Each structure stands twice: as structure tokens, then as C-alpha cells.
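A short worksheet on the structure shown next.
Here is the naming used below: chain letters follow the sequence lines, and residue numbers restart at 1 for every chain. Worth saying up front: this structure is predicted, and the values here are computed from it rather than measured.
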2 protein chains.
Amino acid sequence: MSDDDARSVVKQVFTEYLVTHALRKTPERFAILDEIYSREGHFDIELLFNYMKNKNYRVSRATLYNTIELLIDCKLVTRHKFGRNQAQYEKTYRSGHHDHLIDTRSGRIIEFSDPRINDIIKSACEDNSFILHHYALYVYGEQEKGNH
Amino acid sequence: MSDDDARSVVKQVFTEYLVTHALRKTPERFAILDEIYSREGHFDIELLFNYMKNKNYRVSRATLYNTIELLIDCKLVTRHKFGRNQAQYEKTYRSGHHDHLIDTRSGRIIEFSDPRINDIIKSACEDNSFILHHYALYVYGEQEKGNH
DNA sequence: ATACCTGCAAAGGGTTTGCATCAGG
DNA sequence: CCTGATGCAAACCCTTTGCAGGTAT
């Protein structure tokens with residue numbers, strides 16, 4: 001599946017979500033989705049705001065906050081609170097679930113994934129009659145110098 | 001080990017930390033530590049502030065924020081950012097590591113622990129030459145009604 | 001035509017900071 | 001004594017909210 005294909009699938013998912021919830025398919029909402037899916041890595045609202053401003057696409061911060069909430073709800077975007085600061089976001093579709101090592105000195109974030117985590121989550125949910133929505137595993141520490 | 005013993009051990013740990021880092025052993029710092037370790041469950045700064053005010057122990061919020069930072073650094077307290085709101089804290093000494101299921105509807109938090117998580121963290125750190133400080137696993141979802 | 005949505009700016013709320021005062025070493 | 005710590009309040013910053021005007025349906 002090409003990148004363009006992925007972006008059109010994502011657009012479909014969002015469209016269906018909007019229809020199902022009787023929400024309007026405004027151009028801003030799709031422009032935001034497209035901007036997010038055209039980039040890699042983490043971002044915060046301010047960064048997204050600047051990305052779009054630099055393309056001369058005018059969106060207000062209010063709309064960004066509003067739209068990202070919808071995207072989280074339909075699982076196209078994930079929100080993280082790594083440090084003490086503002087929220088970080090990332091696209092989720094076709095990125096596969098992964099977790100994060102956070103270097104507390106540099107703030108750098110390394111992604112990793114381990115298939116065993118799923119089993120643990122599953123049993124924790126079963127044990128507590130819990131219906132999973134999503135999960136996040138954050139590992140804080142420091143990366144040794146010189147090896148990377 | 002009794003509760004009182006635990007509290008005195010914790011006080012020792014904190015004292016050593018302060019000495020090592022050439023920080024002052026002020027009465028406020030120990031009063032805050034003691035207040036935290038005399039209670040169970042999660043708390044935020046505002047709650048802690050009120051706890052102490054109600055005991056007629058005057059501490060400023062600034063000191064609470066400052067001190068809790070030290071307690072986190074010496075691993076006597078853990079900070080969580082479950083939702084979008086303010087930080088939640090909990091004492092860590094002798095509570096054993098545990099993780100959290102967060103009911104996104106009610107906000108209720110259930111603790112669980114799974115020994116397998118440790119292996120996963122360890123290998124993730126090894127693979128990335130990462131020196132672990134701490135980690136947190138958050139599982140978001142909804143608890144089924146009627147079973148609890 | 002009717003809500004809903006957007007943009008703007010102001011309000012909000014948790015956390016941090018500046019500064020004068022206090023007190024531990 | 002000297003420097004770090006405290007308390008207070010103001011500043012900060014990210015996020016939310018209110019309102020007037022615009023637009024999807």
C-alpha cells in the first residue's frame with residue numbers, strides 16, 4: 001500500500017466517523033488530517049499550527065484542538081504526555097503499536113515494540129472485566145553515550 | 001516491617017539524598033514527606049496542600065512543587081499524567097511496582113501488576129543502551145458494569 | 001433555514017518564577 | 001555569615017471557552 005493509498009484510506013475512516021456521529025465534513029478537518037498524515041514523528045499543536053500556517057492554510061488553534069479530539073476518538077491519532085509539558089501527538093494508522101523510551105536528559109524519544117506486551121494487557125483487562133481502548137508504555141531513563 | 005518503620009526508612013532515604021546532593025534538611029521537606037507517607041492512594045498538589053493546611057501545617061504550593069521534584073528524583077514518589085488534567089502522585093516505597101487501568105468514563109483507576117513486564121522493559125533498555133530510571137504502563141478503557 | 005463549525009481573543013487552571021525574607025550549615 | 005529555601009503573588013503557558021459570523025446539510 002502506497003503512502004497515497006494510506007492517506008485515502010485514512011480519509012475514508014474519518015469520513016465514516018463523521019457521518020456516523022452526524023458531524024460536518026468541513027474542509028478544515030480534512031486539511032488537518034492530511035497535514036498530520038503527510039508528516040512523520042511526533043508533533044504538538046503549536047508545531048501543527050505552524051506547519052499549516054507556512055502552507056498558507058489558515059486554521060485556528062481552537063479548530064486544531066477540536067479536530068484532534070475527533071481524530072483521537074476514531075483512533076487516527078494518539079496523544080502522549082511524556083514530560084511535564086504540553087501534549088505530543090502522533091498518527092496511528094499503519095504505524096503499528098509501539099512504545100516509547102524517553103531520554104530524560106535530552107528529551108529524545110526512541111520507539112520500540114514488543115509483541116509480549118499484548119498478552120499482558122489482555123490478561124490485565126480480563127482480570128478486571130475491562131474493555132480496552134488503548135494503552136501506552138513509557139520508559140524513562142538515559143541513553144548511554146557513544147553507542148548511538 | 002511496620003508502617004512506622006517504613007516511614008523512618010523513607011526518612012533516612014530522603015536524608016541521604018539531601019546530604020549527597022548538598023541540599024538543606026528543612027522541616028518543610030520532612031513534613032511533606034511524612035504527610036505523603038501517612039496516606040494511601042493517589043493525590044495531586046492541591047489535595048496535599050489541603051491535607052497539610054487542615055493540620056495547620058503551613059506550606060506554600062511553591063515548596064510543595066519543589067519538594068515533590070526532589071522526592072521523585074530519589075524515587076520516593078512517582079508522578080502520573082493519566083488524563084489531560086493535572087499531575088497525580090503516589091508514594092512508591094514498599095508499594096511495589098504496579099501499573100494502572102484507567103476507566104475513561106468514570107476516571108476510576110485500578111492497579112495491577114504483572115511480573116512479565118520487567119523482562120520486556122529490560123530487553124527494550126538493553127536493545128537501546130538505555131539506563132532505566134522508571135517506567136509506567138497505562139491502560140485506558142472502560143470497566144464492564146455489574147461485575148464489580 | 002438551521003444548527004454546527006470556525007476564528008478570534010479572552011478566560012481558565014495547573015505550574016513556574018521573581019523577589020524579599022528566613023534559616024540551615 | 002552566606003547561600004539556599006520558603007512564601008506570596010504574579011507571570012506563564014497550554015488549553016478551553018464565549019461569542020459573532022460563516023457554512024455544511
Side-chain angles (χ1 to χ4, degrees), chain A residues 11 14-35 42-53 55-74 77-90 107, chain B residues 11 14-35 42-53 55-74 77-90 107:
Chain A
K11 199 171 290 188
F14 194 32
T15 303
E16 278 167 34
Y17 172 84
L18 293 175
V19 170
T20 310
H21 292 74
L23 298 168
R24 290 183 182 167
K25 301 193 278 289
T26 67
E28 288 84 357
R29 286 176 174 169
F30 286 98
I32 293 166
L33 177 64
D34 216 51
E35 183 63 42
H42 300 97
F43 62 92
D44 57 37
I45 293 292
E46 201 56 27
L47 199 54
L48 186 55
F49 181 77
N50 288 324
Y51 285 159
M52 300 193 75
K53 194 164 84 173
K55 285 190 179 169
N56 291 315
Y57 197 102
R58 296 186 146 287
V59 250
S60 68
R61 267 169 266 260
T63 301
L64 289 176
Y65 279 109
N66 165 32
T67 302
I68 213 134
E69 209 61 39
L70 303 177
L71 293 172
I72 289 166
D73 198 36
C74 62
V77 166
T78 309
R79 176 176 17 232
H80 294 289
K81 291 263 192 169
F82 293 123
R84 234 168 311 166
N85 323 322
Q86 81 267 40
Q88 297 272 104
Y89 303 88
E90 64 180 331
Chain B
K11 199 171 292 188
F14 194 33
T15 303
E16 278 166 34
Y17 172 85
L18 293 175
V19 170
T20 310
H21 291 73
L23 299 168
R24 291 182 183 166
K25 301 193 278 291
T26 66
E28 287 84 357
R29 287 176 173 169
F30 287 98
I32 292 166
L33 177 64
D34 216 53
E35 183 62 41
H42 300 97
F43 62 92
D44 57 39
I45 294 291
E46 201 56 26
L47 198 54
L48 185 56
F49 181 78
N50 288 324
Y51 284 159
M52 299 193 74
K53 195 164 84 174
K55 284 189 179 171
N56 290 315
Y57 196 102
R58 297 186 145 287
V59 249
S60 68
R61 266 170 268 258
T63 302
L64 289 175
Y65 279 107
N66 166 32
T67 302
I68 214 133
E69 211 61 38
L70 304 178
L71 293 172
I72 289 167
D73 198 37
C74 64
V77 166
T78 309
R79 176 177 17 233
H80 295 289
K81 291 262 192 169
F82 293 123
R84 233 169 312 168
N85 323 321
Q86 80 268 40
Q88 298 271 105
Y89 304 87
E90 63 181 330

Is a salt bridge present between Glu46(A) and Arg61(A), judged by a nitrogen-to-oxygen distance below 4.0 Å?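 A salt bridge links Glu46(A) with Arg61(A).
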
Residue [X], side-chain heavy atoms: nucleotide from [options] that is nearest:
X        : options                  : answer
Tyr65(A) : dT16(D), dG7(C), dT6(C)  : dT16(D)
Thr26(B) : dT6(D), dT15(C), dC5(C)  : dT6(D)
Gln86(A) : dT6(D), dT15(D), dT25(D) : dT15(D)
Val59(A) : dT6(D), dA24(D), dG7(C)  : dG7(C)
Lys25(B) : dG25(C), dG14(C), dG7(D) : dG25(C)
Arg29(B) : dT6(D), dA23(C), dT2(C)  : dT6(D)
Ala62(B) : dC8(D), dA3(C), dT6(D)   : dC8(D)
Arg24(A) : dT6(D), dC4(C), dT6(C)   : dC4(C)

Tell me what [X] touches on the nucleic acid: a base, only sugar-phosphate, or nothing, going by heavy atoms under 4.0 Å.
X        : answer
Asp44(B) : nothing
Ala87(B) : sugar-phosphate
Arg58(B) : sugar-phosphate

OH-CD1 distance between Tyr65(B) and Ile32(B), expressed to the nearest 0.5 angstrom: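 CD1 of Ile32(B) is found 12.5 Å from OH of Tyr65(B).
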
For Lys81(B) and for Tyr57(A), find the nucleotide of DNA chain C with the closest heavy atom, then tell me which residue's nucleotide is more 5'.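 Nearest nucleotide further toward 5': that of Tyr57(A).
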
Compare all side-chain heavy atoms of Leu18(B) with those of Leu70(B) and state whether any distance is below 4.5 angstrom. yes

Treating Arg29(A) as the side-chain partner and Arg24(A) as the backbone partner, does any N or O pair qualify as donor plus acceptor under 3.5 Å? yes

Spacing between Ile45(B) atom CD1 and dG14(C) atom C1', to the nearest angstrom: 10 Å

